[in-house]
Amino acid sequence: DSGSVTASPRQQDTEYLCPVQIGSPAQTLPLDFDTGSSDLWVFSTDTPRSEVNGQTVYDASSSSSAKRLSGATWKISYGDGSSSSGIVYLDTVTVGGLTVSRQAVEAAKQVSSSFSRDTSSSGLLGLAFSSINTVSPNQQKTFFDNAMPHLDAPLFTADLKHNADGRYNFGYIDKSAYTGSISYTPVDNSQGFWGFTATVDGTDVTGIADTGTTLIYLPDSIVTSYYSQVSGARYDSSNAGYIFPCGSSMPDFSFNVGGGGGGGGTVTVPGSYVNFAPTDQTGQTCFGGLQSDSSIGISIFGDIALKAAFVVFDGGNKQLGWAAK
Ligand SMILES: O=C(NC1CCCCC1)N[C@H]1[C@H](O)[C@@H](N2CCCCC2)[C@@H]2OC[C@H]1O2
């Protein structure tokens, strides 16, 4: 089997949403595919009306294939301080033509304000490792884990784009989607993430590939060195990050992956991607797409990096492949 689904950017590439069919007859919800978490959760008829703000909701009672997972609950909190929790159904889930018949669909009974405010997203589809799924007492598998044995190849690829529709493919590598060769590097999934090591200016950086995080968060030394090249750039405590004049031309940001014998491959993030967004309506000052990881405790290669590459999440061989495009 295989699947292929469009990933549409929202609000200046802040997130990427994909249509997912749930239940019988199909209910289509736009979900944020998140390689940094492992719960498939949705706004639902169980979500308080006061917390629903235009989102499409899942109604298990109108799906003939939905079965309540008796006694199961879930509760998740994310690095940005957002959170959600609720109950669990098993139902049929289809992504880009790829169907999993008994997928844990986690219906929200509570969502935090940032989710309520995000009118375009009906929830998340977690694509990290099932070891960090939050369903209790019996942990559930991700969509990818459930699909993997049926896939032509045990992998999925992410091809996110700046201000344009990209694509997630499951079970195959589309050779027309990238240029040159794919450089592979081992994955450390001991924390449940797609962990890997890249080299930036000769310095090894161990981080995670996270489609659910908008920006890149790297060690202070690397970030400070990058912004030292931009006149007027500074760390601004009120914005909690590096800012600079919006008219600045930003240097490209490159990192090397798979640097073994073969020299590996280089991913180059165009400077324009690092000029992420204005800090206010005046458009004078802009917020950087590259920020420090010092308040996080882990380095994160988020959408700013991922949209500069074609990325293979290889679950069978536990490796990450990176290619230019
Ligand atoms: O919390 C993180 N990442 C952390 C960012 C700070 C540094 C540590 C990692 N990712 C979340 C992301 O922010 C959410 N957000 C919703 C609104 C639109 C933008 C996306 C979305 O929900 C959960 C996940 O994806």
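Counting starts at 1 for both ligands and their atoms, in listed order. Everything numeric in this text was worked out from a predicted model, so none of it was measured.
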Residue pairs, two or more places apart or on separate chains, that pass side chain to side chain donor-acceptor pair (under 3.5 Å) and touch residues 296-310: Asp13-Lys307, Asp293-Ser299
For ligand 1, which of its N or O atoms have a protein N or O partner closer than 3.5 Å, and how long is each gap?
residue	atom	partner	partner atom	Å
ligand 1	1 (O)	Gly79	N	3.3
ligand 1	1 (O)	Asp80	N	2.9
ligand 1	1 (O)	Asp80	OD1	3.4
ligand 1	3 (N)	Thr213	OG1	2.9
ligand 1	10 (N)	Gly212	O	3.2
ligand 1	13 (O)	Asp80	OD2	2.7
ligand 1	25 (O)	Gly212	O	3.0

Tyr242 and Tyr226 aromatic centres sub-6.0 Å: no
Gap between atom CG of Leu160 and atom NZ of Lys325 - 0.5 Å precision: 6.0 Å
Disulfide (SG to SG under 2.5 Å) pairs, two or more places apart, involving residues 87-171: none
Other residues, nucleotides, ligands: >12 heavy atoms within 6.0 Å of Arg102 CZ: no
Phe313: partners by ring pair (Phe, Tyr, Trp, His ring centres under 6.0 Å), with sequence neighbours left out: Phe156, Trp194
